[in-house]
Novice: 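My questions will all concern the structure given below.
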Amino acid sequence: MASHSKPLYMLELPTQLISGPVISQNFSDPDILVTANGTYAFATNSGSVNIQVATSPDGGSTWELLSGVDALPNVGSWATNGSTWAPDVIDRGDGTFVMYYAAHSPSQNTHCVGAATSTVPTGPYTPQSAPIACQTAGGGAIDPAGFQDTNGTRYIVYKVDGSSLGGGGPCGNANGAYATPIMLQAMAADALTPVGAPVQILDRGTYDGPLIEAPVLILHEGTYVLSFSSNCYNTDLYDISYATAPSVSGPYTKAAAPLLVTGDYNLTAPGGATSRPDGNFMVFHATVNSNPLTRYMYTATVTWNWQRTERLMGCM
């Protein structure tokens, strides 16, 4: 295949600006929300709490987990408690906050992506009566994240959970039989109603193992940057990777190497990262105990370097 030269952002994490753990309790798949009145983090269910909440008084340097507080005590009539994953909260700009999340749907026997609203960042959030996406035939829909483009159009990105269909290995799909694509779904101005059909913007490659997941989309100085995690969340191969594109629907080109892998900064299995919309600060989790699986939250300041790099098209 022919080589292709394309200007891409190269992301770096200065050693001294990796902090943590900043929450020393199980707080996986963290999301960060910055408002005029405070900074908040949300995470996957733990114990009897469907969606965990933490607050920061200083923009993300120090954090307090709101023990026992459940931002989503009611997961919706379409879902069941106990398996509520990877929340993402956006400020709609009209006094309403929208939470996207994945929960198990008994009727579909898969996880689906849903939405809930609140006038207070910490909730409680009120769920919509039906999910946004299920992708039942593909294994379900998980890991949603919201994005608003410069023209005002709202989107969510999410993963089709093909690895839930089987295939062996520590997290499914070891035989590579199932697709695990990242989808882009346009949304109405209310950030709750899907518009049109979703489009695939990325799927796994040679070095991604059985899956990619945990997508988050931002726009940085005219370039769309899609962060994601590769490989199995419950192994040391889990990572934080990213891809860039000139338009929201792609094509997305994966970076030559992940942003964070096991061993970097003494971390194990970093993943589930969410950036602030400006891309200069992110939260993520890393494994501190494999049995039972326990993941603490860390933070990082990101440095952006604009470089012209050679890519072998189709190799990643």
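We number each residue from 1, following the sequence as shown.
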Novice: Is there a side-chain contact between Leu226 and Tyr242, using heavy atoms and a 4.5 Å cut-off?
Specialist: no

Novice: Using distance alone, with no hydrogens and no angle criterion, decide if Glu213 and Ser229 have a side-chain donor and acceptor under 3.5 Å apart.
Specialist: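 Note: Glu213 and Ser229 side chains miss the donor-acceptor criterion.
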
Novice: With a 4.5 Å heavy-atom cut-off, do Asn231 and Asp239 have their side chains touching?
Specialist: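 Side-chain contact under 4.5 Å: yes.
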
Novice: Can you name the closest pair of heavy atoms from Asn50 and Pro73 and give their distance?
Specialist: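 For Asn50 versus Pro73, the nearest heavy atoms are ND2-O, 3.5 Å.
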
Novice: Does Asn280 form a side-chain contact (heavy atoms from CB on, under 4.5 Å) with Val302? I'd like the steps, not just the answer.
Specialist: CA-CA 5 Å; Asn280 295 326; Val302 180; 5.6 Å; no

Novice: Below 4.5 Å, heavy atoms only, C-beta onward: do Ile156 and Met187 meet side chain to side chain?
Specialist: yes

Novice: Should Phe42 and Leu65 be regarded as members of a common hydrophobic cluster, given that ILVMFWY residues are connected when their side-chain heavy atoms come within less than 4.5 Å of each other, either directly or indirectly?
Specialist: no

Novice: Rounded at 0.5 Å granularity, tell me how far OG in Ser241 sits from CG in Leu259.
Specialist: 8.0 Å

Novice: Between atom CZ of Phe27 and atom CH2 of Trp63, what is the distance when rounded to the nearest 0.5 Å?
Specialist: 7.5 Å

Novice: Are Ile32 and Phe147 linked, directly or through intermediate hydrophobic residues, by side-chain heavy-atom contacts shorter than 4.5 Å (ILVMFWY only)?
Specialist: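 No: no chain of side-chain contacts under 4.5 Å links Phe147 to Ile32.
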
Novice: Do Ile132 and Pro144 come close enough that some side-chain heavy atom pair is under 4.5 Å?
Specialist: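 Not touching, per the 4.5 Å side-chain cut-off.
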
Novice: Please, which pairs that meet disulfide bond (SG atoms under 2.5 Å apart) have at least one residue in residues 248-277, sequence neighbours excluded?
Specialist: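 Sorted result for residues 248-277: empty, none.
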
Novice: What is the distance from atom CG of Asp29 to atom OG1 of Thr84, rounded to the nearest 0.5 Å?
Specialist: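 Asp29 CG to Thr84 OG1: 12.0 Å, rounded to 0.5 Å.
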
Novice: Have Thr287 and Asn289 got a donor and an acceptor in their side chains that come within less than 3.5 Å?
Specialist: no

Novice: Decide, yes or no, whether a salt bridge links Asp208 with Lys254 under the criterion of side-chain N to carboxylate O below 4.0 Å.
Specialist: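 Yes.
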
Novice: Would you please classify the geometry between the Tyr233 ring and the Tyr238 ring as parallel, tilted or perpendicular, with 30° and 60° separating the classes?
Specialist: perpendicular

Novice: Identify which one of Val89, Asp70, Val75, Asp31 satisfies the side chain to side chain contact (heavy atoms under 4.5 Å, CB included) criterion when paired with Ile51.
Specialist: Asp70

Novice: Gln200 versus Ile182: any side-chain heavy-atom pair under 4.5 Å?
Specialist: no

Novice: Please round to the nearest 0.5 Å and tell me the distance separating atom OG of Ser56 and atom OH of Tyr40.
Specialist: 10.5 Å

Novice: Should Leu202 and Tyr158 be counted in the same cluster of Ile, Leu, Val, Met, Phe, Trp and Tyr side chains packed under 4.5 Å apart?
Specialist: no

Novice: Members other than Leu165 in its cluster, when Ile, Leu, Val, Met, Phe, Trp, Tyr link by side-chain heavy atoms under 4.5 Å?
Specialist: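 Answer for Leu165: Tyr178.
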
Novice: Using 0.5 Å steps for rounding, measure from the CD1 atom of Ile201 to the CG atom of Leu184.
Specialist: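 It comes to 5.0 Å.
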
Novice: Would a distance-only check, ignoring hydrogens and angles, find a side-chain to backbone donor-acceptor pair under 3.5 Å from Asn109 to Pro106?
Specialist: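 Between the backbone of Pro106 and the side chain of Asn109 there is no qualifying donor-acceptor contact (under 3.5 Å).
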
Novice: Go through the side-chain N and O atoms of Thr153 and Asp149 and say whether any donor and acceptor fall under 3.5 Å apart.
Specialist: no

Novice: So which heavy atom on Gln185 is nearest to which on Gly196, and how close?
Specialist: NE2-O, 3.1 Å

Novice: Any chance you could measure Lys159, atom NZ, to Met183, atom CE, to the nearest 0.5 Å?
Specialist: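 Going from NZ on Lys159 over to CE on Met183, the span is 13.5 Å.
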
Novice: Can you see which heavy atom on Gly139 is nearest to which on Ser164, and at what distance?
Specialist: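 Distance-wise, the nearest heavy atoms are O-OG, 2.7 Å.
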
Novice: Please answer: with hydrophobic residues joined when any side-chain heavy atoms are less than 4.5 Å apart, are Val283 and Ile23 in the same cluster?
Specialist: yes

Novice: Can you check whether Thr96 reaches Ser118 side chain to side chain, under 4.5 Å on heavy atoms?
Specialist: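 The answer is no, as the side chains (C-beta and beyond) never meet within the 4.5 Å cut-off.
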
Novice: Show, in sequence, the C-alpha distance, side-chain angles and deciding distance for Leu66 and Thr55, and conclude whether the side-chain contact (heavy atoms from CB on, under 4.5 Å) test is met.
Specialist: CA-CA 7 Å; Leu66 303 184; Thr55 61; 3.9 Å; yes

Novice: For Thr35 and Asn37, which I'm curious about, is there any donor-acceptor pair between the side chains at under 3.5 Å?
Specialist: no

Novice: Does any pair with a residue in residues 109-130 pass ring-ring contact (aromatic ring centres under 6.0 Å, His included), and if so which ones, sequence neighbours excluded?
Specialist: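 Sorted pair list: Trp85-His111, His104-His111.
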
Novice: Using the rule given for side-chain contact (heavy atoms from CB on, under 4.5 Å), can you reason through Val22 versus Thr62, listing the C-alpha separation, both sets of side-chain angles and the distance that settles it, and then say yes or no?
Specialist: CA-CA 6 Å; Val22 295; Thr62 59; over 6 Å; no

Novice: Taking all non-hydrogen atoms of both residues into account, name the closest pair between Ser230 and Phe228 and its distance.
Specialist: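 Here Ser230 and Phe228 meet closest at OG-CE1, 3.4 Å.
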
Novice: Please evaluate residues Gln148 and Tyr155 with respect to the criterion side chain to side chain donor-acceptor pair (under 3.5 Å), reporting the C-alpha separation (whole Å), side-chain torsions for both, the decisive distance (0.1 Å), and the verdict.
Specialist: CA-CA 6 Å; Gln148 187 174 26; Tyr155 299 89; over 6 Å; no

Novice: Do Leu192 and Thr117 make a side-chain contact, defined as non-hydrogen atoms from C-beta onward lying under 4.5 Å apart?
Specialist: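 Yes, side chains in contact.
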
Novice: Consider only side-chain heavy atoms of I, L, V, M, F, W and Y, link residues closer than 4.5 Å, and tell whether Leu72 and Phe97 are in one cluster.
Specialist: yes

Novice: For the residue pair Thr294 / Asn26, report whether a side-chain donor-acceptor contact shorter than 3.5 Å exists.
Specialist: no

Novice: Tell me if a side-chain donor or acceptor on Ser290 pairs with a main-chain N or O of Leu293 at a distance below 3.5 Å.
Specialist: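 No; judged by distance alone, with no hydrogens or angles, the pair does not exist.
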
Novice: Do the side chain of Asp143 and the main chain of Pro215 share a donor and acceptor less than 3.5 angstrom apart?
Specialist: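 Judged by distance alone, no pair lies under 3.5 Å.
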
Novice: Short question: side chain of Arg92, backbone of Asp190 - any donor-acceptor pair under 3.5 Å?
Specialist: yes

Novice: Between Leu260 and Phe284, does the side-chain contact (heavy atoms from CB on, under 4.5 Å) criterion hold? Intermediate values first, please.
Specialist: CA-CA 10 Å; Leu260 272 178; Phe284 64 96; 3.8 Å; yes

Novice: For a 4.5 angstrom cut-off between non-hydrogen side-chain atoms, does Cys232 reach Pro170?
Specialist: yes

